[in-house]
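Keep in mind the model is a prediction, meaning the values are calculated, not measured.
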Amino acid sequence: MRFTRRTLMQGTLLTAAAGPITLRPAEAAPRLNEAPIRWIDGAAPAAHDGQTFGVAWPKGALPKRQRLAVRAGDAAVPSQSWPMAWWPDGSIKWTAHAIPADAGRTGPLVVAPGREAAPQSPVSVEERPDAVVIRSGARSWEIGRSGAALVRRATSGDRVLVENATLVGEVRAGGPDGERQPLGCRIDRVVVEQRGPVRAVVRVEGWHLAGTRAVLPFSIRLYAYAGSEGLRLVHSFVYDLNPAELYVSGLGIALGVPMRGELHDRHIRLATGEDAMFVEAVRPLTGLRRDPGKAVRDAQIAGRAVGPIAEMRAPVGQLLERIAAWSDFSLAQLSANGFTLAKRTHEGQAWIDAGEGRRAPGLAYVGSPQGGGAIGMRYFWQRHPTQLDIRGAASDKATLTAWLWSPDAKPMDLRPYHDTMGMEGYDAQNQGLDITYEDYEPGWDSATGIARTSELTLWAFDATPETPRLQALAQASATPPQLMVDPARVHAAGVFGDWGLPDRSTPKRAAIEDQLANLVDFYAGEVDRRSWYGFWNHGDVMHTYDADRHQWRYDIGGFAWDNSELSTDLWLWYAALRSGDGKTFRFAEAMTRHTGEVDVYHMGRFAGLGTRHGVQHFSDSSKQPRVSNAAYRRIFYYLTADERAGDLLRALVNSHEALRTVEIGRKVPSNEHKPLPAGVIEMTFGTTWAVLAGAWLTEWERTGDKKWRDRIVAGMDSIGRLPNGWLTGSAPYDLASGRFLDPGPRREMSHLNAVFGAVEVNSELLSLLDVPRYRAAWLDYCRWYNAPREEFVAKWGEPFGPRNLRQGHSRLTAFAAYHDKDEALARRAAEEFYSGDAGLAMADGDPRVPLPGGGVEWPGVSTNATAQWGLAAIQNLALIPEALDSVARPPARRRRGGEE
């Protein structure tokens, strides 16, 4: 018998689950008491500063108190483990594991029962009244509980290597050209979250300060790993400003580096390319008219002390004061495709061009053989405008600043992109929706409350590292190595609903797999070809293509930025789950970092809601849970144990409260807008309730708190009791009890109700909770949504109503066919999938077409169709593979500009 998710889930609370239509050939089952771990890039990296990853376990396989260890072959790898989620029976569902810097690079890794090995130099945490001190070997990091310095000092023994790491920035008042006002910061709260021995985590919360005004609240996590000379920072802030009053013109983090020794022994390093490094000294001894000697030149380039001045070849030692000392350096990446590098001797003197290039990795170092500091930024060029500054390298203390938003660039401008255009009322707003697909409403196109998370690393070194070491760290900072549990092992654990591993065992399945791979490659390529980059944009993709302009519709209302429309995030994460591929994983990760932060409100009246697709990520007036969707963050959270993702998931558990004052359907002309009792709102089953249920499910399994389970069951049971079940579409919802109220014989089958994670969430809920009425209601919806008109009317009567997204809904048909063991229904699902109706046609080969002047097109592509095709392909391959083989596929259609 084939070892599938379904066989693994036997014995759950849901006892009615049916087997597959036809058993496939038996495959070797993964060992369930151990989990193979792999690097997403295939090979081990040259360097890493510590790793954290998640492992899924089948229900009942791992007792609550089971200890786990990491091995590389027969050798123990130092590790730290903790549980992340539990199955309903109390067994562990997900665990997280951390290993030290540069560990795990010598052989295949496995997580299995056992006692963790301790690192040679464990990390420890000391809590003091005024500070928290993290120690790793000889390195100590002192984190202030108050004041402005996140890191007061990093020391090696008694020697201070870096100090006063502080958030910095500036704003302009009144307009983009207003007077610059510096930003300081204030620490309000420090929480120790982990204490070692492999990994310590400290969360620091506070505010930026514009004079006496507290703005831009921040939450920063500091991560220290055993064996690392660095401290990882995950920097999150909420944009709480009125964008017409204050304009952020700089945002970053600065740290002081004590400078020791002679000026010619002070070293500057700036990463300028994948294998390129700007390697200079404050006072250069190379290229002089008089040669100090090869040993001196070699030592300075290598970052070593050059030796006594008296041993330099004459007359260099006597004339050192006549050689300019360069104190300030600046690398500015103001676009994705170009950076400039300049230096000057000191303030008040001219800047001298020192180089330029395309894409800098984002690492800077300043120091000497007596110690130094470095800072690295992830997404440095992708999230332009960024900058790395070194100031005062010729003084007693240099300042090294990483600018998340460069003060040399234009300030952030988050004002709405258009005025009311006569759309003060709903009638005019609906006209705007009709022509540009943008749902505009004055005052609802606000950026106030969105957020951004950035990743940086600080290093404190005992001496200037060799250039290859800094190059390796620059690459690890720009493209962090990542461990991931083997896809087959994740699948065997029975998590995340219906999906399977890549299957090329037949020509038709191979064709589907080819198109899945080609679509990921196409979109990843479009990000670069179309420069979908920038601080607020990076991670998102565009919604719809304009074949006339050979351009995505970046300026046309709801056709511009995608904002997760129809579950783009889920498509990419299931693709990454199946393949374990580094490119797909990082594409999905960047999207999650964007959509969970920028497209969602984290404070204010829209807190917990996200914004529908538009020209700006906040410009559409449709604020809904379907965008803030927990289902879009779950996979990333569990694969990486990322605490920031966990924060965002937890923040969504009460997001339904925002719907007390934000009526989603307020503009729909056909809505009757009948008054409802206090505390009762109209709620759709798929775009709202199932989305919220994903957040409640995550909180239940993370905490074991049954109130979230009970809230889910209340909704499931009340939907199941409605005369038309899921076909009702929406109903009045009592926010206090979590139950739907019977609206009578209503039937509304919206094409959107199942395409924002409802399919995936329901698959998980039905495997965990025994609510027979709900199961029947969901299977009815899956069977009948795409049913032929005659069959539907014979069963349910008129009206039949319009249907859309037939191809995307084929996976619902497949779900019903699988569970009801209905081969005819499985064939219907395959036909629906191959039809391409309101979706994406199957192509023969690679359909990409080169464009004159460069670039490519995928005829007929749109992101929402792609996402739904991708999810339907993945789930249909898992549920009805034989039907996909047996049904004739229509001839491939090549479309241009939406025309066949």
Stepwise salt bridge (Lys or Arg N to Asp or Glu O under 4.0 Å) check, R199 with E643: CA-CA 13 Å; R199 177 188 196 248; E643 280 83 1; 3.0 Å; yes
Test salt bridge (Lys or Arg N to Asp or Glu O under 4.0 Å) applied to R304 - qualifying residues, sequence neighbours left out: none
Considering all heavy atoms, the nearest G372-V162 contact: O-CG1, 4.2 Å
Lys/Arg N to Asp/Glu carboxylate O, R139 vs D462, below 4.0 Å: yes
Plane angle bin for H235 and F237 - parallel if under 30°, tilted between 30 and 60°, otherwise perpendicular: perpendicular
Those residues that, when tested against H267, pass side chain to side chain donor-acceptor pair (under 3.5 Å) (two or more places apart): T464
Neighbour count above 12 (heavy atom, 6.0 Å) for E466 CD: no
Side-chain donor or acceptor of Q51 paired with backbone N/O of P481 under 3.5 Å: yes
Backbone of A131 reached by a side-chain donor or acceptor of R152 within 3.5 Å: no
Partner of S81 under side chain to side chain contact (heavy atoms under 4.5 Å, CB included), chosen from Q66, H97, R67: H97
Side chains of N164 and T166, donor plus acceptor under 3.5 Å: no
Aromatic plane relationship, W499 with H491 - under 30° parallel, 30 to 60° tilted, over 60° perpendicular: perpendicular
Non-hydrogen side-chain atoms of V485 and F53 separated by less than 4.5 Å: no
Geometric class of the W94/Y638 ring pair [parallel <30°, tilted 30-60°, perpendicular >60°]: parallel
Enclosure of R115 CZ (heavy-atom neighbours >12, cutoff 6.0 Å): no
Minimum-distance pair of heavy atoms, taken over all atoms of S140 and R135: OG-CG, 3.3 Å
cation_pi(R702, W86) dist<6.0 Å, angle<=45: no
Spacing of L577 atom CG and L572 atom CG [to the nearest 0.5 Å]: 11.5 Å
Test applied, side chain to side chain contact (heavy atoms under 4.5 Å, CB included); reference residue, E34; option that passes from V110, V55, V111: V110
Set of ring pair (Phe, Tyr, Trp, His ring centres under 6.0 Å) partners for Y637, sequence neighbours left out: none
Derivation and outcome, salt bridge (Lys or Arg N to Asp or Glu O under 4.0 Å), residues R593 and D642: CA-CA 11 Å; R593 285 291 191 210; D642 181 83; 2.8 Å; yes
Check: W57/T95 side-chain N/O donor and acceptor closer than 3.5 Å: yes
D647 and R203: CA distance, side-chain angles, deciding distance, salt bridge (Lys or Arg N to Asp or Glu O under 4.0 Å) verdict: CA-CA 12 Å; D647 291 346; R203 186 176 80 250; 5.6 Å; no
Ring-face cation contact, Y223 with R232, 6.0 Å cut, 45° max: yes
Salt bridge (Lys or Arg N to Asp or Glu O under 4.0 Å) between E701 and R634, worked out: CA-CA 11 Å; E701 61 190 8; R634 276 168 55 82; 2.6 Å; yes
Residue E274 excluded, over 12 heavy atoms near CD under 6.0 Å: no
